[in-house]
Q: 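To start, I am sharing the structure in question, which I have written as structure tokens.
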Amino acid sequence: MATLQGSCQCGQVRFEVPEEWEGSGFCHCTTCKKLSGGVGTANARVRTETIRIVSGRDLIRTYQPDEGTAKSFCSNCGSNLFGFGWPESEFTSVRLSAIDSPFDRRPERHGYVRSLAPWETLPDDGLERVD
Ligand SMILES: [Zn+2]
Ligand SMILES: [Zn+2]
């Protein structure tokens with residue numbers, strides 16, 4: 001199974017994740033907008049146990065919003081790395097923006113489209129929309 005390398009912006013947090021994802025999609029929820037500074041996050045869903053933190057484990061902070069699952073980021077540079085409750089959850093949403101290795105797979109859906117911002121336009125990409 002191919003292993004992909006991932007990192008945060010400052011490079012102190014490094015991790016590995018298998019390319020065999022359960023699924024992949026964009027999340028347009030209000031929390032992902034806040035933490036991404038844009039329209040949301042792009043994620044690959046993997047089993048949490050398959051993620052290997054190579055370095056910087058002590059820099060990773062986890063924030064639990066009032067609604068939704070915990071989100072984890074590098075406390076030095078602020079890069080968002082994991083969602084969906086890492087490290088306790090069975091599955092983790094790995095932010096595609098954190099993966100450095102090239103990969104062929106593309107997101108399959110747009111999630112939380114009910115949280116679309118007035119300034120946001122969904123691309124006409126034919127992907128499934130999930131409310
Ligand atoms: Zn960092
Ligand atoms: Zn989200």
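Numbering of ligands and ligand atoms starts at 1, following listing order.
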Q: Would you say H28 reaches the Zn ion (ligand 2) with an N/O/S atom under 2.8 Å?
A: no
Q: Kindly confirm or rule out a cation-pi arrangement of R45 over F84, judged by NZ or CZ under 6.0 Å from the six-membered ring centre and within 45° of its axis?
A: yes
Q: The Zn ion (ligand 1) as vertex, arms to SG of C74 and SG of C77: angle to 10°?
A: 110°
Q: Test of geometry: compute the angle SG(C8)-the Zn ion (ligand 1)-SG(C10) and round it to 10°.
A: 100°
Q: Verify whether the ring centers belonging to F103 and W21 lie closer than 6.0 Å.
A: yes
Q: How many degrees, to 10°, between C32 SG and C27 SG as seen from the Zn ion (ligand 2)?
A: 120°
Q: So, do F82 and F15 have ring centers that fall under 6.0 Å from each other?
A: yes
Q: Determine whether the side chains of T48 and T92 contain a donor N or O and an acceptor N or O closer than 3.5 Å.
A: yes
